[in-house]
Amino acid sequence: MIVWRRIARLKHQHLLSLSGYVRVRPLSIGMSSSKFMNSPQLLYDNILNLNYFPTMTKTFQTAIITSLCLLAAHPFSSALTFTIPNKVGTGDYFYTPLDPAPIGISFEFFAFPSYFTNVTATQQCLANWKAQTGVWPPIRIGGTTQDRAQYDSNTSAYVVYSVANAKDAPSALTFGSKFMTLAGTYEGSVVVGLNRGKNEIENTIAAAKVAVSEVKNLLAIELGNEPEYWVKDGQPITSGVDWTPATDAASQNDWNIRVGNAVGKTNIVQAGNWNEAPPKWGAAQLIATENATVKICVRHYAHHNYPGGSIQSLMSHSAISKNIHTFDADIAAARAIGKQYVFGQTNSVSGGGAAGVSPTFGAGLWTMDYALRATYSNISRTYFHHGTVGNCQYCFWGRYSMGAPYYGAYAAVALMAGASHLTALDSGSTNYAAYATFDSRGLPLRVMLYNSDYFAGSGTRTTQSFTLTGLTSSTVRAKRLTAASATSRVDQGSPPSFGGQQFDNGSCAMSGTETFETTPVSGGQATFSVRATEALLVYLQ
């Protein structure tokens, strides 16, 4: 019985078909054979205990052996069933209105010009998302080096700095108006991060005025990046001050008003921008200090987030859901005053990523599920950070090779493209996720199924069945997001694929033949198999 239990957990229909082979006499323990016929699970649990079967035909023995072989080769878990709402607002679900482009990119301040002038893949990678949504993805320009940067109206260069090693970030830099002109060439929305740490507000105001005049799609200006670290970094604004969330809030409020007035704009500041988890550093505590004048200046509130951990813990669906819940109170506080909440800078592991985690397919699946769970939780936009070119483990692309996380982001974009609302069909408490999007009419559009069971590349790769009910067509199509294992890396010759297609190194151009899987629908339902460390995008229209 122990051997049998360890072979596989069978789907109910497999048990039923096996029970059809049983022909036994009433058992000595007082349990009739009909008991087994009507309880396939009981049969499953006891089939190899020969004391329960005083006689066993040769046919039955053969059937048992055959079934064991099949089950060992094709391990399945019991199917999970999710009902697709027939329209937004129906059923016991929470429906989140979607931003036209909920997934964006954050570029480290000093590296931004290089990404836009020296990295060929940048334009194409962004264009790939735009091809799906019809909208260029949002970008944010900022990071640690924004509080090391000062505006220089006399320089004709994008940025000026020196480093001992090309892989280093500069400790000080200047930038000119050409920097903002370059940002203004981008067709999507732009958030520009400026310096507050050096406490030179007139210099920051001068830069803000250039940003307003040159960046035609300017969405917001950030005033300072991760201020909770400024004491450690030796930023002048903290000198002689007990730098706490309260003093930072007072500083933010003052600068928001002064910069907003100087550029003649309301709803212009992306406030917050901490990395330490709330509530100590967070939107709720900041909002509590703001008066009406400050609130008029703020467009939305931002937080940074780097969950970290191993590949297995990072890609776990329940862990992702738990991590996102950290921000519930801050999201609610922002929404209560009519403001959006965003992840202004985020990725898998801080400091440019971890070599053994961030470039992997497992991190790609984290990217997908994390972006979707964040969006479902009313985090309006998620900006995935890209650091030093050539020294960035979590970057989606670089000069020479793609990163596996780009595939996860692309799949998440594909689910939400052109949709008006998103809901989660699952509770977030297991390894298995199901999300549904809806079109402008409120009708079901697509479903994403995710199996976050960890598969490292050896042993048996288990499969989880998902049954969707409430389907109205006779068949549905799907695209599979898959790779050899959670540890697969593009730069090590093991790229993922999405719908049979891949993104070429160096250019980000899509290659390969687009492949859809077709599944029949019977009685309004269909069942899909998703292997461990894999996702499936189901098209309902």
Side-chain angles (χ1 to χ4, degrees), residues 101 104-131 136-146 148-195 207-208 210-219 221-222 225 345 347 352-353 383-403 405-406 409 491 503-510:
I105 299 294
S106 167
F107 294 103
E108 181 61 44
F109 190 91
F110 88 95
F112 161 69
S114 185
Y115 274 104
F116 265 54
T117 62
N118 296 324
V119 180
T120 303
T122 298
Q123 185 71 13
Q124 186 61 54
C125 282
L126 296 170
N128 289 340
W129 294 357
K130 191 256 185 182
W136 285 96
I139 67 169
R140 172 257 190 179
I141 303 165
T144 301
T145 56
Q146 80 183 63
R148 302 174 184 175
Q150 290 186 291
Y151 175 63
D152 180 0
S153 62
N154 295 318
T155 184
S156 61
Y158 296 121
V159 287
V160 178
Y161 63 86
S162 62
V163 290
N165 187 310
K167 293 184 176 181
D168 292 340
S171 58
L173 65 148
T174 59
F175 64 97
S177 60
K178 192 176 179 180
F179 183 100
M180 297 301 176
T181 302
L182 179 63
T185 64
Y186 185 61
E187 296 295 326
S189 71
V190 181
V191 174
V192 175
L194 298 176
N195 195 324
V210 177
V212 169
S213 66
E214 294 293 317
V215 185
K216 62 182 181 298
N217 292 324
L218 183 67
L219 183 66
I221 293 170
E222 253 183 43
N225 179 82
Q345 178 182 313
N347 219 307
Y383 296 85
F384 288 95
H385 197 54
H386 284 53
T388 308
V389 177
N391 188 27
C392 184
Q393 298 291 342
Y394 53 47
C395 283
F396 291 179
W397 65 84
R399 285 198 181 101
Y400 307 111
S401 64
M402 295 297 299
Y406 182 76
D491 62 341
F503 300 95
D504 294 341
N505 290 328
S507 71
C508 203
M510 184 177 284

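FYI, side chains are in, hydrogens and waters are out, and symmetry mates aren't considered; it's all heavy atoms of this structure.
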Checking Y383 against Q345 for the side-chain contact (heavy atoms from CB on, under 4.5 Å) test, could you report, in this order, the C-alpha distance in whole Å, the side-chain angles of both residues, the deciding distance, and whether it holds? CA-CA 5 Å; Y383 296 85; Q345 178 182 313; 5.9 Å; no

Heavy-atom closest pair, residues V215 and A183: CG2-CB, 4.0 Å

Are Y406 and C395 close enough, and set up right, to give a side-chain contact (heavy atoms from CB on, under 4.5 Å), and what steps lead you there? CA-CA 8 Å; Y406 182 76; C395 283; over 6 Å; no

Does the side chain of W397 come within less than 4.5 Å of F503's, by heavy atoms? no

Nearest heavy atoms of F109 and G193, plus distance in Å: CE1-O, 3.2 Å

Does V389 reach the side chain of N118, with side-chain heavy atoms less than 4.5 Å apart? no

Within the 4.5 Å heavy-atom criterion, are C508 and N128 side-chain neighbours or not? yes

Pick from F175, Y161, F179: which one makes a side chain to side chain contact (heavy atoms under 4.5 Å, CB included) with F110? Y161

For a 4.5 angstrom cut-off between non-hydrogen side-chain atoms, does M402 reach C125? yes

Checking side-chain polar atoms at under 3.5 Å, does T145 have a donor or acceptor matched by the opposite partner on E108? yes

Give me the atom names and distance for the closest heavy-atom approach of A211 to M180. CB-SD, 3.9 Å

With a 4.5 Å cut-off on side-chain heavy atoms, are V212 and L218 touching? yes

Between N347 (side chain only) and H385 (backbone N and O only), is there a donor and an acceptor less than 3.5 Å apart? yes

Is it the case that more than 12 heavy atoms not belonging to K216 sit under 6.0 Å from its NZ atom? yes

Could you go through the side-chain contact (heavy atoms from CB on, under 4.5 Å) check for W129 and I105 one step at a time? CA-CA 11 Å; W129 294 357; I105 299 294; 3.9 Å; yes

Would you say that N217 contacts W136 through its side chain, given a criterion of any heavy-atom pair below 4.5 Å between the two side chains? no

Nearest heavy-atom neighbours spanning G387 and A111: O-CB, 3.9 Å

Minimum heavy-atom distance between R148 and T144, given as atom pair plus value: NH2-CG2, 3.4 Å

If you take all heavy atoms of L182 and P113, which pair is closest and at what distance? CD2-CA, 3.7 Å

ring-ring contact (aromatic ring centres under 6.0 Å, His included), paired with F384, selected from Y394, F107, F396: F396

Any Y158 side-chain heavy atom under 4.5 Å of F116 side chain: no

Could you tell me which residues satisfy salt bridge (Lys or Arg N to Asp or Glu O under 4.0 Å) with E222, sequence neighbours excluded, listed by chain and number? R140

